[in-house]
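See below for the structure under consideration.
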Amino acid sequence: MHKLLFLLMSLLAISSADCEVSAFQADRPECLVAAKAGGGMDLSCQLVANTLLAANLIDAPMQIRYKTGGIGAVAYNHVVGIRNNDPQLIVAASSGSALNIATQKFGHYDVGAVRWLGALAADYGVIAVRGDSVWTSLNDLILKLRHVPSAVNFGGSGSVGSQDWMKAALLAREAGIDPQKIRYAGFEGPKDVTEALLNGYIDVFPGDAAELKNYAESGQIKILAVLADHRLPGIFAETATAREQGYLVDWTIWRGFYMGPQVSDDSYQWWINTFRRLLKTSHFREEREALGLYPFALLGEEFSRFVEQSVNKQKELATGIGLIK
């Protein structure tokens with residue numbers, strides 16, 4: 001009898017302890033864009049902010065904030081050094097983040113400096129020119145590059161070594177042109193690059209499909225090639241891939257998030273579970289399509305391993321093109 005009473009009291013004590021430890025809930029959710037407004041990072045934060053609330057997975061609206069500088073480097077250092085244990089904060093990241101880590105543009109912080117949360121969508125590189133450009137195909141552009149490489153002005157987000165530069169450099173190398181001979185102007189964000197393209201300051205923008213979707217629909221820009229291994233649906237359905245035009249260049253951009261390195265396992269897992277539920281909703285699928293993004297999802301440890309592999313792949317590409325030794 002005494003043993004039974006002791007067992008019951010123990011179980012009640014455990015139950016009481018469990019009740020006292022409530023699961024984490026994001027009541028002040030925040031998404032940090034590591035760039036200017038209007039680019040792919042911004043789209044990532046818009047995607048989750050718009051759909052988490054609509055799907056009733058958060059009770060309070062998610063705040064979107066911006067921290068520019070170094071195409072993600074300032075935000076990365078800020079999260080690691082200052083907001084390293086904030087369970088409310090997620091930060092937009094992409095394949096460009098992996099490239100910057102690979103080329104040490106994030107300083108002494110490596111891929112293991114943060115907790116990689118998950119990827120929820122993908123995008124693809126495109127080669128864009130003004131709508132009135134004389135070039136109507138990728139071959140037209142390549143012929144000009146082969147004749148006088150310096151006569152074509154490329155522009156993109158970030159300096160030499162950014163993923164926009166890499167798209168141009170890989171295309172040049174595939175065409176037998178020294179990547180170091182191409183002219184390239186770096187900007188802080190895609191909105192600035194697009195304005196430079198439309199105003200005639202640059203000739204070619206090796207940007208992202210989702211970022212340029214609206215401009216392509218309006219006819220302000222023309223897409224010469226999609227850097228994917230398949231044609232994209234919708235507005236880009238009639239646009240040939242670089243592969244179809246004889247140049248074996250792909251550039252897939254994953255759109256994901258990371259958190260501070262000291263965020264608790266409880267809050268980290270809450271975000272993973274919440275994202276897993278979000279991916280199953282019609283709210284998410286409809287918003288992803290509206291933003292011009294494409295299906296791609298990896299969460300938690302699987303995503304962490306994927307990012308590590310992405311960094312290693314980017315190191316190989318950067319080394320092969322002479323960007324790093």
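Just so you know, these numbers use all the heavy atoms, side chains as well, and skip hydrogens, waters and symmetry mates.
The shortest non-hydrogen separation linking Trp135 to Lys222 is O-NZ, 3.0 Å.
Arg146 CZ: more than 12 foreign heavy atoms inside a 6.0 Å radius. Sparse packing is recorded around CG of Asp59, with 12 or fewer heavy atoms of other residues, nucleotides or ligands lying under 6.0 Å away.
A salt bridge links Arg255 with Asp208: at least one charged nitrogen is closer than 4.0 Å to a carboxylate oxygen. A salt bridge is absent between Arg285 and Glu289: the closest approach of a Lys/Arg side-chain nitrogen to an acidic carboxylate oxygen does not fall below 4.0 angstrom. Between Arg288 and Asp123 there is no salt bridge, since no side-chain N of the basic residue sits under 4.0 Å from a carboxylate O of the acidic one. Taking 4.0 Å as the cut-off between side-chain N and carboxylate O, Glu30 and Arg83 count as a salt-bridged pair.
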Does Phe306 form a ring-ring contact (aromatic ring centres under 6.0 Å, His included) with Phe296? I'd like the steps, not just the answer.
CA-CA 12 Å; Phe306 171 79; Phe296 181 78; 5.5 Å; yes
List the steps, then state whether ring-ring contact (aromatic ring centres under 6.0 Å, His included) holds for His230 with Tyr124.
CA-CA 10 Å; His230 60 282; Tyr124 296 91; 5.3 Å; yes
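With hydrogens and angles ignored, the 3.5 Å screen pairs no side-chain donor or acceptor of Tyr184 with any backbone N or O of Asp164. Panel note: side chain Asp203, backbone Asn153; a donor-acceptor pair is recorded below 3.5 Å.
A continuous path of ILVMFWY side-chain contacts below 4.5 Å connects Phe284 to Leu291, so both sit in one hydrophobic cluster.
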